[in-house]
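A quick write-up on the structure given underneath.
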2 protein chains.
Amino acid sequence: MVHCVNESYHHGDLRRALIDAAVEAIAEGGPSTLSLRAVAKRAGVSHAAPAHHFGDKAGLLTAVAAEGHDRFADALERVWEATGDFAEVGVAYMRFAIDNRAYFETMFRPELLHEGDPELARAEARSRATLYRGTGGADADGHVYRASALAAWSLVHGFTELLMGGNFGPEVAEDPEGVLRDIGSRLRL
Amino acid sequence: MVHCVNESYHHGDLRRALIDAAVEAIAEGGPSTLSLRAVAKRAGVSHAAPAHHFGDKAGLLTAVAAEGHDRFADALERVWEATGDFAEVGVAYMRFAIDNRAYFETMFRPELLHEGDPELARAEARSRATLYRGTGGADADGHVYRASALAAWSLVHGFTELLMGGNFGPEVAEDPEGVLRDIGSRLRL
DNA sequence: GCGTAAATCTTGACACTGTCAAGACATGGC
DNA sequence: GCCATGTCTTGACAGTGTCAAGATTTACGC
């Protein structure tokens, strides 16, 4: 039995295609301007198909955020295994945000998501646990609490958010990695 | 000639009333769920009145952001004059975000604003200048560049964003000022 | 193999949204 | 007193999320 992808009534993996389409759309206009109908058009299906798969708009964004947290955890883990260096994990944090803007922006916008979603909670806990391995203190729920870990997370996250919001001048925007390494080195752990 | 506020065709200070209504609405659902028609209803005017005053939805949000930056600068200036302490300015930064959530969220969401708006640019520059006085390095456009200033700003901003996004456990959320003072003291300036 | 239940996707409708043009009304200058 | 200007309303339009109902395909028990 051949799985006829892309032509018949059943799509094959529409869920996957819808998430990809959503990520593309988010990359262009941000998570808040996402339109379910535009996503449907992009994926070549009817206007109500996305809502069927994800319940509602927040459901689609929640799926994007969950996948983002998984990819995020992957990226941080890779760097930690390779270097064993806190600072490099921080740089990877920022790099992920720059290279995966759509995912990153969606991940940190809780008012657009279904907060209680178990899949999102699992992925969040995983990315927190990865951060924990790098910075050193979290409880069972993945809540970071040790002051040194909080300081590092806050510094890297704040720098990343300000950078992506266009709050820095060209001196900083041209070499964000170098600047982040510099300011990171000013933190007593 | 009596200025008949609140009853006749002309409103008196509808612009003011619309901004206040917008801030209320944003406080309830965030800037991205703001509805011009809901704002109009709240202010007791017709559905198209807000667009007349602010051009479009982004125009209203831009006005809110500009006013937010002014209030923000006021708050930081007060603390700096009173204490002359960097760390206390950082705490005031976070306090403002908590106490004026609607303003703060709108201020740092450039994709919803008219970036080129002169009034917004003026207010932004003012709040940057205030930050500069506290942390120590900015160019003529108000772009902070000195590493120590960047580090402090990033740390405080990141902590604030993570806190408001619900990313911390109860240990931190119960006494954010204390925690921020603690992690702030770990920064070599 | 077959028939029925379930899953997947479409269609059509509804209330709501931002935006625009045209009109109603009030105010200020002459 | 009259006209021009600014303020606000009204009505319309296309686009949005969401829901119910229908069409179509797959999966499963027998």
* Assess the pair H157(B) and F159(A): is the distance between their ring centroids shorter than 6.0 Å? => no
* Asked: In whole angstrom, what separates L112(B)'s CG from dG18(C)'s C1'?
  -> 14 Å
* **Shortest side-chain distance from S35(B), nucleotide among dG17(D), dC9(C), dG18(C)** => dG18(C)
* Given atom NZ of K41(A) and atom P of dG17(D), what is their separation to the nearest angstrom? -> 12 Å
* **Sidechain N-carboxylate O distance under 4.0 Å for E171(A), R146(B)** => no
* Separation of dC8(D) C1' from F54(B) CZ (nearest whole Å) -> 14 Å
* Structure fact -> Considering only heavy side-chain atoms of A49(A), the closest of dT10(C), dT18(D), dT9(D) is dT10(C)
* Asked: Does the separation of the ring centres of W153(A) and F168(B) fall below 6.0 angstrom?
  -> yes
* Asked: If you look at every strand shown and take non-hydrogen atoms under 4.0 Å, does H47(B) touch a base, only sugar-phosphate, or nothing?
  -> base
* **Distance in angstrom units between L61(A) CG and dG17(D) C1', rounded** => 12 Å
* Return the value, rounded to whole Å, for the distance between atom NZ of K57(B) and atom P of dG15(D). => 17 Å
* To do: Tell me what L34(B) touches on the nucleic acid: a base, only sugar-phosphate, or nothing, going by heavy atoms under 4.0 Å.
  => sugar-phosphate
* H52(A) has an atom NE2; how far is it from atom P of dT25(D), in whole Å? -> 16 Å
* Below 4.0 Å: OP1/OP2 of dC8(D) and any side-chain N or O of H53(B) -> yes
* What is the nucleic acid contact for A51(A), judged by heavy atoms within less than 4.0 Å: base, sugar-phosphate only, or nothing? -> nothing
* CG of L36(B) versus C1' of dC20(C): gap in Å, rounded? -> 13 Å
* Asked: Aromatic ring centroids of Y93(B) and F72(B) under 6.0 Å?
  -> yes
* So, does the side chain of R37(A) form a donor-acceptor pair with the base of dG15(D) at under 3.5 Å? -> no
* Asked: Just how far, in rounded Å, is P of dT7(D) from CG of D13(B)?
  -> 11 Å
* Asked: Are the aromatic rings of F86(B) and W80(B) close, with centres under 6.0 Å apart?
  -> yes
